[in-house]
Undergrad: 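One structure, pasted below without further comment.
Starting from 1, each residue takes its place in the sequence as its number. All values below come from the heavy atoms of this structure, side chains included, with hydrogens, waters and symmetry mates left out. Fair warning: this is a prediction, and the values are worked out from it, not measured in the lab.
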Amino acid sequence: MEIQIKAPSPGESVSEVEIAQLLVNNGDLVKKNQLIAELDSDKATLELYSENSGAITFLVSEGDIINVGDVVATINTSVVSDNDQQNKDTDKTELITENTQASSSLSNQSNPSSQLDFNKPLSSNRPDVRSEDWKNPLSTNYTSAVVQKVNIPSPAAKKILAEKGIHASEVNGTGRNGRITKEDALRAVHSMGTPPQGIKRTSNRKKLSSLRRKVAQRLVAVKNQTAMLTTFNEVNMQPIFDLRSTYKEIFLEKHGVKLGFMSFFTKAVVRALKEFPEVNSMIDGDQQIIYDYHDISIAVSGPRGLMVPVVRNAETLSFPQIEQEIVRLATKARDGKLTIDEMTGGTFTITNGGVFGSMLSTPIINPPQSAILGMHNIIPRPIAVENQVVIKPMMYLAVSYDHRIIDGRESVGFLVAIKEGLEKPEELLMVGNQKEALGL
């Protein structure tokens, strides 16, 4: 009996998925509920499980884009023995090998020209062959033209190469006798020049995942469709360093997570958003929607690229609850387990390029939001404190915002409010009670 495994729907408005990875091979025996493949959509990565035990046959390949509901694989549930399947695979492999060897030998004997390598550079002393010679059997150069014809583009390929400004001599054709096909032209890139003698250089080409393509489209759309500006400031992180140094061990022992920077930044952002609610808003047509809750998107790096899960109602969470929620979401992002709901929405985004060593950047707004905060690395720098030059751990902050609905007064005031909260955390974020705020 054969059972079909179909592509599930990642959610509403998603009609296509991409086959990201096949985790078993054709003909393998799989068990019920075994993970067999991973699918990418423009919103999330999905896992596909076997619905029954049996021998699996995939009807798709990695990189294929299929519609939701299409059949990904079939499972033959009548296969019962691992040993029987292994013997069948061995016999089949031996038979294919024997047939391939015999066929190859016969082909080489009957067609000597099949042993020619049309991808090798032609000898410099070869006869001059016009591109028309290979078409004319009466031409004295006909045989030579057929054998030596390379870099002759098809009409479609010729047009594509002309649009790209690439000469046919720069392209290796994969068609018959080295002919340049339309696909060759689409993949063609400009020559990177002649490398030094004796040095071998290679490059790799891979298809962008569905998620990465969607992110690219959204980022370009943001640049084209918003009036994005960025304002900068710096913050003295010494007060937060002191708090973390004092309470980090007891906080870890009590709550099972480290006291990081993100809880302080989330608290400071929520406080600033309450003071400047226009920053916590979005454009919907000719209207502005201002939210009275604060769903904070936290950008995290996952194996398939940047993911932005959401900490819901951050204004209601304590320091320990924020740290625990961020750890939970970051772990799911690294494991590829985030759901669409966990990445949907968000009224403001925080991104931390400092973990990678970034000193300063202009973050791009996460649509349809109207602003984003960029954190950067913390380095000791000299600053003036009470007319004295001292060394303090300093961080540059950046807020990118949509100038269509957020003016300079709001954007600058918002960033200053964040700076104030971070430099006076005990007074402004903990309301004068450190232990109670940290749940200790």
Undergrad: What is the minimum heavy-atom distance between V279 and E410, and which atoms define it?
TA: CG2-O, 4.4 Å

Undergrad: Could I get the full list of side chain to side chain contact (heavy atoms under 4.5 Å, CB included) partners for E342, not counting sequence neighbours?
TA: R328, L329, K332, L338, T339

Undergrad: Do K419 and E423 pass the salt bridge (Lys or Arg N to Asp or Glu O under 4.0 Å) test, and can you show the C-alpha distance, the side-chain angles, and the key distance before you say yes or no?
TA: CA-CA 6 Å; K419 172 183 171 69; E423 292 185 339; 3.0 Å; yes

Undergrad: Any Lys/Arg nitrogen of K337 or D335 sitting under 4.0 Å from an Asp/Glu carboxylate oxygen of the other?
TA: no

Undergrad: V310 vs I296, test: side chain to side chain contact (heavy atoms under 4.5 Å, CB included). Steps then yes/no.
TA: CA-CA 6 Å; V310 181; I296 307 301; over 6 Å; no

Undergrad: Is the gap between the ring centers of F264 and F319 under 6.0 Å?
TA: yes

Undergrad: Which one of V24, I75, D28, L23 satisfies the side chain to side chain contact (heavy atoms under 4.5 Å, CB included) criterion with I36?
TA: V24

Undergrad: Looking at K6 and Q4, what are the two nearest heavy atoms and their distance?
TA: CE-OE1, 3.6 Å

Undergrad: Drop me the distance from H294's NE2 to T266's OG1, to the nearest 0.5 angstrom.
TA: 12.0 Å

Undergrad: Does any non-hydrogen side-chain atom of L48 lie less than 4.5 Å from one of E38?
TA: no

Undergrad: So do N313 and L317 actually touch side chain to side chain, heavy atoms under 4.5 Å?
TA: no

Undergrad: Name the residue from V355, L422, I378 that meets the side chain to side chain contact (heavy atoms under 4.5 Å, CB included) definition with F261.
TA: I378

Undergrad: Would you tell me whether Y49 and E47 have side-chain atoms, one donor and one acceptor, within less than 3.5 Å of each other?
TA: yes

Undergrad: Could you walk me through whether Y291 and I289 pass side chain to side chain contact (heavy atoms under 4.5 Å, CB included), step by step?
TA: CA-CA 6 Å; Y291 299 95; I289 305 173; 3.6 Å; yes

Undergrad: Which atom pair, heavy atoms only, marks the closest approach of M359 to N377?
TA: CA-OD1, 3.2 Å

Undergrad: Between V269 and L373, is there a side-chain heavy-atom distance shorter than 4.5 Å?
TA: yes

Undergrad: Measure the shortest side-chain to side-chain distance between L29 and S53 over non-hydrogen atoms and say whether it is less than 4.5 angstrom.
TA: no

Undergrad: Cation-pi check for Y293 against R312: NZ or CZ below 6.0 Å from the six-membered ring centre and within 45 degrees of the axis, yes or no?
TA: no

Undergrad: Taking the side chain from S358 and the backbone from G354, do they hold a donor-acceptor pair closer than 3.5 Å?
TA: no

Undergrad: For the pair D295 and V311, evaluate side chain to side chain contact (heavy atoms under 4.5 Å, CB included) and give the outcome as yes or no after the intermediate values.
TA: CA-CA 6 Å; D295 285 354; V311 177; over 6 Å; no

Undergrad: Is the distance from the ring center of Y401 to that of F276 below 6.0 Å?
TA: no

Undergrad: Rounded to the nearest 0.5 Å, how far apart are CG of D70 and CG of D64?
TA: 10.5 Å

Undergrad: About how many Å separate CD1 of I406 and CE of M228, when rounded to the nearest 0.5 Å?
TA: 12.0 Å

Undergrad: Got a second to check how far I322's CD1 is from L259's CG, nearest 0.5 Å?
TA: 11.0 Å

Undergrad: Please examine the side chains of N233 and V416, heavy atoms only from C-beta on, and report whether any two atoms are closer than 4.5 Å.
TA: yes

Undergrad: Holding to ring-ring contact (aromatic ring centres under 6.0 Å, His included), I want the full list of residues that pass it with Y396, two or more places apart in sequence or in another chain.
TA: none

Undergrad: Using a 4.5 Å cut-off on heavy atoms from C-beta on, say whether the side chain of L161 contacts that of H167.
TA: no

Undergrad: Quickly, which of Q434, K254, K435 forms a side-chain hydrogen bond (donor to acceptor under 3.5 Å, both in side chains) with Y247? Name it, please.
TA: Q434

Undergrad: Quick one about N280 and T347 (side-chain donor to acceptor, distance below 3.5 Å, no hydrogens or angles considered), yes or no?
TA: yes

Undergrad: Minimum heavy-atom separation for V17 to A7, with atom names?
TA: CG2-CB, 4.0 Å

Undergrad: Within a strict 4.5 Å, meaning less than it, do heavy atoms of the S50 and I56 side chains meet?
TA: no

Undergrad: Is there side-chain contact between E323 and H255, with heavy atoms separated by less than 4.5 Å?
TA: no

Undergrad: Which atom names give the shortest non-hydrogen contact between L397 and M395, and what distance separates them?
TA: CD2-SD, 3.6 Å

Undergrad: Output, in order, the C-alpha distance, side-chain angles, deciding distance and verdict of side chain to side chain contact (heavy atoms under 4.5 Å, CB included) for M282 and Q288.
TA: CA-CA 6 Å; M282 301 179 188; Q288 179 182 8; over 6 Å; no

Undergrad: More than 12 non-hydrogen atoms from neighbouring residues, nucleotides or ligands closer than 6.0 Å to CD on E253, yes or no?
TA: no

Undergrad: Can a donor-acceptor pair be found between the side chains of S245 and D242 at a distance below 3.5 Å?
TA: no

Undergrad: Ignoring hydrogens and geometry, is there a side-chain-to-backbone donor-acceptor pair from Q34 to K31 under 3.5 Å?
TA: yes

Undergrad: Determine yes or no for a side-chain-to-main-chain donor-acceptor pair under 3.5 angstrom, with K164 supplying the side chain and L186 the backbone.
TA: yes

Undergrad: Can I get a per-line list of side-chain donor-acceptor pairs under 3.5 Å for residues 360-372, giving both atom names and the distance, sequence neighbours left out?
TA:
| residue | atom | partner | partner atom | Å |
| --- | --- | --- | --- | --- |
| S361 | OG | H376 | NE2 | 2.8 |
| N366 | ND2 | T349 | OG1 | 3.2 |
| Q369 | OE1 | F348 | N | 3.4 |
| Q369 | OE1 | T349 | N | 3.1 |
| Q369 | OE1 | T349 | OG1 | 2.7 |
| Q369 | NE2 | S297 | OG | 3.2 |
| Q369 | NE2 | G346 | O | 3.1 |
| Q369 | NE2 | T349 | OG1 | 3.4 |
| S370 | OG | S281 | O | 2.7 |

Undergrad: Can you tell me how far OG of S9 sits from CD1 of I340, rounded to the nearest 0.5 angstrom?
TA: 7.0 Å

Undergrad: Could you give the distance from NZ (K248) to CG (L438), rounded to the nearest 0.5 Å?
TA: 14.5 Å

Undergrad: Scan side-chain atoms only and decide if T77 and N52 contain a donor-acceptor pair under the 3.5 Å cut-off.
TA: no

Undergrad: Which atoms form the tightest heavy-atom contact between S78 and M1, and what is the distance?
TA: CB-N, 4.0 Å

